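Note that this is a predicted model, so its numbers are computed, not measured. Hydrogens, waters and symmetry mates play no part in the numbers below; they use all other heavy atoms, side chains included.
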Amino acid sequence: MVTFDGRAPGRPPGDWDARLAALPPLAVPSGRTVVVAAHPDDETLGAGGLLAALAAAGRPADVVVATDGAASHPGSPTLAPEALAALRADEVRAAVALLSPRSAVHLLGLPDGGLREHRDAFARALLAALAEGDPDGPGPAAPLRLVAPWRGDGHRDHRVAGEVVAEVAETLGAELWEYPLWFWHWGDPAQAPALAGLPLTPRWALAKRRAVDAHATQVLPLSAHPADTPALHPRFLRAFDRDAEPFVVTPAPGAGPATRGEQGPAAAERPGYFDALYGRHEDPWGFVHRPYEARKRALTLAALPDARVGAALELGCSIGVLTEALAPRCDRLLAVDVAEVAVRRARARTAGLPGVRVERADVRDGVPAGPWDLVLLSEVGYYLDAAALTALVDRLAAATTPGGTLLTCHWRHPVADYPLPGDTVHHLLADTLAARDEGWTRLSTHVEEDFLLDVWSTDARSVARRTGLR
C-alpha cells in the first residue's frame with residue numbers, strides 16, 4: 001500500500017538489503033551539480049552523501065529547495081505553519097552546511113503540498129537559480145547535472161518536482177539523477193527501477209547522519225501532543241543510513257548509456273528496436289571479435305554441469321556465435337531470437353551443424369515446446385520488465401525435464417535501453433524458482449564486476465557426484 005506517513009510501519013528497511021547491496025557503482029561526478037529538493041530534508045535523505053562527496057572533491061553542489069515544509073505537522077498546538085517554515089529553513093541551511101559548507105542554498109518558499117498548483121512558478125525559479133550559479137547562464141553547452149526526487153516516488157510534490165527537473169534537464173542537455181524517498185517505505189524490491197549506487201566513505205556517511213539529525217522538527221517530537229510526534233520514524237530513517245546512495249540515472253542527451261529514467265517503456269521494449277539495431281551493425285555486441293565475449297562464452301560452456309545433453313533451448317541467440325559453440329554438446333539444439341535479421345545470420349553460421357535449428361520467436365509470447373534438458377537465458381532477461389521476466393521463468397521451469405539445467409548470464413552495468421539491470425534479473429529469477437515445487441538448486445555462481453552467471457538445476461548433485469568421483 002502506498003503511504004506517505006513516516007510514522008506508519010511501512011516496509012521493513014531490511015527487505016531492501018539484498019537489492020541495494022548489489023547496485024552497480026557510480027563514480028563521484030565531475031562538472032556542475034545542482035541538488036533539488038521538494039521539501040527541506042529531501043536533499044539530505046536522498047542526496048546527502050552525494051553532497052558530502054562533491055564537497056570533498058572540491059566541487060560543491062548548489063541546493064534548491066522548492067517548498068517551505070510548513071505542512072509536516074498539521075494541527076500542531078506548538079508551532080504555527082509560518083513558524084514551522086522558518087525553523088525548517090534554518091534546519092536545511094544547517095544540514096547542508098554540515099554536508100557541504102560551500103554550497104549555496106536557494107529556498108524558493110513555495111507552498112508545501114501545493115507544488116502541482118505552482119508548477120510554472122517552480123520551473124521559473126529553478127531556471128533563475130541555475131542562472132544565478134552560472135555566470136555564463138545555463139545552456140546546452142554547460143556541463144550540468146541535476147539531482148531531484150524520483151518521479152515514481154508516489155508523493156505528489158516529489159513527482160511534480162521530478163517532472164519539472166526532468167524537463168529542465170532535457171532542455172539544457174543535462175544529466176539527471178533521481179533519488180527515491182517514499183518508495184523505500186511503500187515499494188516492492190522486485191519492482192524497483194533500474195538503480196545505481198554512489199558508494200559512501202565512512203566520513204560522508206557520518207556527515208549524512210549528522211545532517212539528518214539537524215532536521216530536528218522532523219526527527220524529534222515538538223511536544224508530547226500526538227500532533228507533534230516526529231514526522232520521520234527511526235525505522236523510516238534507517239532506509240537512508242546505508243553505505244551507498246541509490247539513484248536512477250538518465251544520461252544527458254547523446255551522452256551514451258546509463259541507468260534509465262522512468263519515462264514510458266525502455267527502448268528495448270519498443271517495436272522494431274532489435275531490427276533497427278541489426279540493420280546498423282552486422283554484430284552489434286561484438287560476439288565474434290571481442291576477447292571479453294570469447295572469455296564469457298568459454299566460462300558459460302565450462303559452467304554446464306553435464307558434458308552432453310539431449311534437448312537444449314537457447315533464448316536470444318543473436319547471430320549464433322554461442323549457438324555454434326554449444327552445438328557439439330547437444331543432441332538437439334533450438335536457438336531462437338526475436339529479430340529476423342539475427343535469425344538469418346545465425347542460420348548461416350550454423351548451417352550444416354547436426355541437430356541445430358534456428359527460429360524466430362518472441363519469448364514474451366510463450367516458450368517453445370519442450371521438454372528441455374538445458375535452457376540458456378543469456379543476456380536476455382533485462383529486455384523484459386519484472387512481470388514478463390517472472391512469467392518467462394515460470395514457463396521455462398515448467399518446460400525443463402526433471403534434473404534439467406537452467407543457465408543464466410547477464411551484464412551487470414546499467415544500460416538506458418534496458419527495463420531491468422542484470423542483478424535484478426538474477427534476483428527475480430532466484431525468487432521465482434524458489435517459489436516453485438520442483439526443488440531448484442543453484443549449483444554454481446560466477447560473479448565479476450561486469451557480469452553474473454548462475455547455474456540452476458533440479459538435480460542437486462555436484463559435477464563430481466554426477467561423474468562418479470564422489
(message) Using 30° and 60° as the class boundaries, would you call the ring planes of Phe451 and Tyr292 parallel, tilted or perpendicular?
(response) perpendicular
(message) For Ala339, is there any backbone N or O sitting under 3.5 Å from a side-chain donor or acceptor partner on Asp337?
(response) yes
(request) Measure from the side-chain N and O atoms of Asp42 to the backbone N and O of Ala38, and report whether any donor-acceptor pair falls under 3.5 Å. (result) yes
(request) Measure from the side-chain N and O atoms of His185 to the backbone N and O of Leu181, and report whether any donor-acceptor pair falls under 3.5 Å. (result) no
(request) Step through the shown structure and confirm whether more than 12 heavy atoms of other residues, nucleotides or ligands are within 6.0 Å of CG on Asp450. (result) yes
(request) Enter the distance from Arg242:CZ to Leu198:CG here, rounded to the nearest 0.5 Å. (result) 15.0 Å
(message) Is there a side-chain contact between Arg203 and Lys208 in this structure, where contact means two heavy atoms from C-beta onward sitting under 4.5 Å apart?
(response) no
(request) Taking the side chain as every heavy atom from C-beta outward, state whether Leu407 and Leu377 have any atom pair closer than 4.5 Å. (result) no
(request) Indicate the atoms forming the closest heavy-atom contact of Gln218 with Ser72, along with that distance. (result) NE2-OG, 3.2 Å
(request) Verify, without hydrogens or angle tests, whether Ser457 (side chain) and Asp459 (backbone) share a donor-acceptor contact under 3.5 angstrom. (result) yes
(message) Side chains of His215 and Thr44 only: does a donor on one sit below 3.5 Å from an acceptor on the other?
(response) yes
(request) With the side chain counted from C-beta on, respond yes when Leu232 and Leu45 share a heavy-atom pair under 4.5 Å apart, and no when they do not. (result) yes
(request) Begin with the C-alpha distance, continue with both residues' side-chain angles, and end with the deciding distance and a verdict on side chain to side chain contact (heavy atoms under 4.5 Å, CB included) for Val375 and Thr405. (result) CA-CA 6 Å; Val375 175; Thr405 299; over 6 Å; no
(message) Treating Glu178 as the side-chain partner and Gly162 as the backbone partner, does any N or O pair qualify as donor plus acceptor under 3.5 Å?
(response) no
(message) So does Gly187 get a backbone contact from the side chain of Arg11, meaning a donor-acceptor N/O pair under 3.5 Å?
(response) yes
(message) Given 3.5 Å as the limit, does a donor-acceptor pair link the side chain of Ser103 with the main chain of Ala61, or not?
(response) yes
(request) Can you see which heavy atom on Leu107 is nearest to which on Arg93, and at what distance? (result) CD1-NH2, 3.3 Å
(request) Starting from the C-alpha separation in whole Å, work towards a yes-or-no answer on side-chain hydrogen bond (donor to acceptor under 3.5 Å, both in side chains) for His225 and Ser76. (result) CA-CA 8 Å; His225 190 279; Ser76 169; over 6 Å; no
(message) Distance check, rounded to the nearest 0.5 Å: Leu130 atom CG versus Leu172 atom CG?
(response) 6.5 Å
(request) Enter the distance from Asp228:CG to Leu222:CG here, rounded to the nearest 0.5 Å. (result) 4.5 Å
(message) Please verify the inter-ring angle class for Trp182 with Phe236; under 30° counts as parallel, over 60° as perpendicular, anything in between as tilted.
(response) tilted
(request) Compare all side-chain heavy atoms of Leu315 with those of Leu376 and state whether any distance is below 4.5 angstrom. (result) no
(request) Would you check if the side chain of Thr432 reaches a backbone N or O of Leu428 as a donor-acceptor pair within less than 3.5 Å? (result) yes
(request) Might you point out which heavy atoms bring Glu245 and Leu50 nearest each other, and give the distance in Å? (result) OE1-N, 2.9 Å
(request) Could you walk me through whether Asp454 and Leu443 pass the side chain to side chain contact (heavy atoms under 4.5 Å, CB included) test, one step at a time? (result) CA-CA 8 Å; Asp454 284 325; Leu443 297 181; over 6 Å; no
(request) Using a strict 4.0 Å threshold on nitrogen-to-oxygen distance, state whether Arg116 and Asp157 make a salt bridge. (result) no
(message) If I take atom CG from residue Leu313 and atom CG from residue Leu396, how far apart are they, to the nearest 0.5 angstrom?
(response) 7.0 Å
(request) Starting from the C-alpha separation in whole Å, work towards a yes-or-no answer on side-chain hydrogen bond (donor to acceptor under 3.5 Å, both in side chains) for His410 and Thr408. (result) CA-CA 7 Å; His410 290 86; Thr408 182; 3.2 Å; yes
(request) Go through Ser30 and Arg145 one step at a time and tell me if the side-chain hydrogen bond (donor to acceptor under 3.5 Å, both in side chains) criterion holds. (result) CA-CA 9 Å; Ser30 59; Arg145 177 176 301 95; 4.9 Å; no
(message) I'd like to check Thr400 versus Trp440 (side-chain heavy atoms, cut-off strictly below 4.5 Å). Are they in contact?
(response) yes
(request) Flag the pair Leu322 / Cys317 as yes when at least one side-chain heavy-atom distance between them is below 4.5 Å, and no otherwise. (result) no
(message) Is it the case that the ring center of Phe183 lies less than 6.0 angstrom away from the ring center of Trp150?
(response) yes
(request) Test Asp241 against Leu237 for side chain to side chain contact (heavy atoms under 4.5 Å, CB included), laying out the working first. (result) CA-CA 7 Å; Asp241 189 11; Leu237 291 173; over 6 Å; no
(message) So that I can tick it off, tell me whether Glu175 and Arg32 are bridged by a salt bridge, with the cut-off set at under 4.0 angstrom between side-chain N and carboxylate O.
(response) no
(message) How long is the straight-line distance from CG of Leu176 back to OG1 of Thr250, given to the nearest 0.5 Å?
(response) 5.0 Å
(message) Which heavy atom of Ala18 sits nearest to which heavy atom of His427, and what is that distance?
(response) O-NE2, 3.9 Å
(message) If I compare all heavy atoms of Glu448 with all of Arg412, which pair ends up nearest, and what's the gap?
(response) O-NH1, 2.8 Å
(request) Run the numbers on Asp68 and Arg88 for side chain to side chain contact (heavy atoms under 4.5 Å, CB included), then give the verdict. (result) CA-CA 7 Å; Asp68 60 12; Arg88 297 201 69 183; over 6 Å; no
(message) Quick check for you: to the nearest 0.5 Å, what is the distance between Leu54 atom CG and Thr33 atom OG1?
(response) 4.5 Å
(message) Atom CZ of residue position Arg159 - does it have more than 12 heavy atoms of other residues, nucleotides or ligands inside 6.0 Å?
(response) yes
(message) Looking at Arg436, I'd like to know if its CZ atom is crowded, meaning that more than 12 non-hydrogen atoms belonging to other residues, nucleotides or ligands lie closer than 6.0 Å.
(response) yes
(request) Give a yes or no answer on whether the side chain of Trp285 reaches the backbone of Ser318 with a donor-acceptor pair at less than 3.5 Å. (result) no
(request) May I ask you to test the Val28-Trp204 pair for a side-chain heavy-atom distance under 4.5 Å? (result) yes
(request) Give a yes or no on this: more than 12 heavy atoms of other residues, nucleotides or ligands lie within 6.0 Å of atom CD of Glu293. (result) yes
(request) Determine yes or no for a side-chain-to-main-chain donor-acceptor pair under 3.5 angstrom, with Trp16 supplying the side chain and Trp184 the backbone. (result) yes
(request) Check the surroundings of atom CZ in Arg238: do more than 12 heavy atoms from other residues, nucleotides or ligands lie under 6.0 Å from it? (result) yes
(message) With a 4.5 Å cut-off on side-chain heavy atoms, are Phe247 and Leu195 touching?
(response) no
(message) Which heavy atom of Val65 sits nearest to which heavy atom of Pro40, and what is that distance?
(response) CG1-N, 3.5 Å
(message) Tell me whether the rings of His158 and His39 are parallel (<30°), tilted (30 to 60°) or perpendicular (>60°).
(response) tilted
